[in-house]
Amino acid sequence: MDLDFTDRNVLVVGGSSGIGLACAQAFAARGASVAVTGTRANKAAYGEGAGALEPFAFSTLNVATPGAVVAWVPPFDALDVVILSQGAVQYRRQEFQAEAFRQVVEVNLNSLMACAQKLAPALETRSGSLIVISSVGGLRAARGNPAYSASKAGAIHLTRTLGDAWAERGIRVNGIAPGLIATKMTEVTTSDPVRLNERLKGIPLNRLGRPEEIAGVALFLASPLAAYIVGETIVVDGGRTLS
């Protein structure tokens, strides 16, 4: 089966909730050995969310901390799939301040390259697939979030650049640009009926996306079905960026 990941090693950076967790669950359901990272000390520290993490190996990694990626010891020596799902945003126009801008870019862009470099040898061992989760915010202006928008645009182009550079190593690099997905990060919008209704007007499907719908695209990109796709970022936004 093209979507059978039995005996495959999968690592999701930023896999403790939202899109990352949905990806971890999707690969595990198809036979993979899955590890996730999160910023807390252990699974129990996630309280009510700890149960969802139980099937996975867990390691603590806060990509916003200088030197953390270099010091981190990945859970697998050989990897078939890596999903970089870490992300940060600061609302209320905080990103116009220099320190907030730097913090968001550190997580959304700089840490992608740090993780990619760290994990490339393990991916090369298995001719693996690297999947970068960016955002449609990298394709259009996000008026109040210059750091988020700029860093996600950088993530999309980093995907293209690494795809070109690492294909000869047998590593396929691709990405996914989600639209408005129901996660903790988007609660500032989804919990406000007026704001949510206004945003839905711009989505042809007239609904929020679900994390598992992003996970489905990740399964495809990591599978033999996508064996000839390199450096692409698939937009998954219900049609939001069509106009």
Side-chain angles (χ1 to χ4, degrees), residues 3 12-27 81-91 95 104-105 107-109 111-112 129-163 172-223 225-226 229-243:
L3 295 180
V12 184
V13 177
S16 62
S17 65
I19 290 171
L21 177 58
C23 288
Q25 292 169 330
F27 280 93
V81 183
V82 170
I83 300 172
L84 300 181
S85 187
Q86 63 264 48
V89 65
Q90 295 197 32
Y91 295 109
E95 291 179 11
V104 172
V105 172
V107 173
N108 290 355
L109 182 56
S111 80
L112 296 180
S129 176
L130 174 64
I131 299 170
V132 176
I133 307 297
S134 57
S135 169
V136 296
L139 300 171
R140 56 189 296 172
R143 183 175 298 168
N145 297 97
Y148 183 84
S149 189
S151 60
K152 293 299 186 178
I156 291 169
H157 204 70
L158 180 63
T159 299
R160 293 176 62 83
T161 304
L162 292 182
R172 284 193 308 109
V173 183
N174 288 293
I176 305 171
L180 186 59
I181 309 298
T183 66
K184 289 181 182 177
M185 188 176 287
T186 62
E187 282 181 352
V188 67
T189 294
T190 60
S191 63
D192 183 334
V194 174
R195 188 169 181 173
L196 175 60
N197 185 61
E198 191 61 31
R199 291 289 292 277
L200 291 178
K201 290 178 182 177
I203 301 174
L205 284 183
N206 196 40
R207 66 171 176 84
L208 296 172
R210 300 186 297 272
E212 57 266 31
E213 292 175 310
I214 307 303
V217 180
L219 290 169
F220 163 70
L221 285 173
S223 78
L225 294 171
I229 301 176
V230 174
E232 295 300 320
T233 293
I234 297 178
V235 175
V236 187
D237 69 348
R240 182 183 173 198
T241 53
L242 293 176
S243 61

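We're numbering straight along the sequence, starting at 1.
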Which pair of heavy atoms, one from [X] and one from [Y], lies closest together, and at what distance?
X      : Y      : answer
Ala182 : Leu208 : CB-CD1, 4.0 Å
Ser129 : Ala222 : OG-CA, 3.7 Å
Ile83  : Ala218 : CD1-CB, 4.2 Å
Ser223 : Leu3   : CB-CD2, 3.7 Å
Gln86  : Ser111 : NE2-OG, 2.9 Å
Ala155 : Ser134 : CB-CB, 4.0 Å

[atom1] of [X] to [atom2] of [Y]: how many Å apart, nearest 0.5 Å?
X      : Y      : atom1 : atom2 : result
Leu219 : Ile214 : CG    : CD1   : 11.5 Å
Arg195 : Leu200 : CZ    : CG    : 12.5 Å
Ile133 : Thr159 : CD1   : OG1   : 9.5 Å
Met185 : Thr190 : CE    : OG1   : 12.5 Å
Asn197 : Asn206 : CG    : CG    : 8.0 Å

Side chain Asn174, main chain Ile229, donor-acceptor under 3.5 Å: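 At least one qualifying donor-acceptor pair exists.
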For residues 143-151, which side-chain N or O atoms pair as donor and acceptor with protein atoms under 3.5 Å away, sequence neighbours left out?
unit_1: Asn145; atom_1: ND2; unit_2: Gln90; atom_2: O; d: 2.8
unit_1: Asn145; atom_1: ND2; unit_2: Glu95; atom_2: OE2; d: 3.2
unit_1: Tyr148; atom_1: OH; unit_2: Ser135; atom_2: OG; d: 3.2
unit_1: Ser149; atom_1: OG; unit_2: Gly137; atom_2: O; d: 2.7
unit_1: Ser149; atom_1: OG; unit_2: Arg140; atom_2: O; d: 3.2
unit_1: Ser151; atom_1: OG; unit_2: Asn108; atom_2: ND2; d: 3.2
unit_1: Ser151; atom_1: OG; unit_2: Ala147; atom_2: O; d: 2.7
unit_1: Ser151; atom_1: OG; unit_2: Tyr148; atom_2: O; d: 3.0

Side chains of Leu21 and Pro211 in contact at under 4.5 Å (non-hydrogen atoms): no
Pairs meeting criterion side-chain hydrogen bond (donor to acceptor under 3.5 Å, both in side chains) with involvement of residues 178-187, two or more places apart: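 Pairs touching residues 178-187 that pass the test: none.
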Pairing residues for Ile234 by the side chain to side chain contact (heavy atoms under 4.5 Å, CB included) criterion, not counting sequence neighbours: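 Side chain to side chain contact (heavy atoms under 4.5 Å, CB included) list for Ile234, sorted by chain: Val217, Phe220, Leu221, Val236.
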Partners meeting side chain to side chain contact (heavy atoms under 4.5 Å, CB included) with Arg199 (sequence neighbours left out): Leu180, Thr189, Arg240
Test side-chain contact (heavy atoms from CB on, under 4.5 Å) applied to Ile19 and Ile181, step by step: CA-CA 8 Å; Ile19 290 171; Ile181 309 298; 4.3 Å; yes
For Arg207, all residues meeting salt bridge (Lys or Arg N to Asp or Glu O under 4.0 Å), sequence neighbours excluded: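 Salt bridge (Lys or Arg N to Asp or Glu O under 4.0 Å) check on Arg207 returns Glu213.
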Residue list, salt bridge (Lys or Arg N to Asp or Glu O under 4.0 Å) with Glu198, at least two apart or on another chain: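 Salt bridge (Lys or Arg N to Asp or Glu O under 4.0 Å) list for Glu198, sorted by chain: Lys201.
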Test side-chain contact (heavy atoms from CB on, under 4.5 Å) applied to Leu84 and Ile131, Val12, Leu112, the passing residue: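 By the side-chain contact (heavy atoms from CB on, under 4.5 Å) criterion, Leu84 pairs with just one of Ile131, Val12, Leu112: Leu112.
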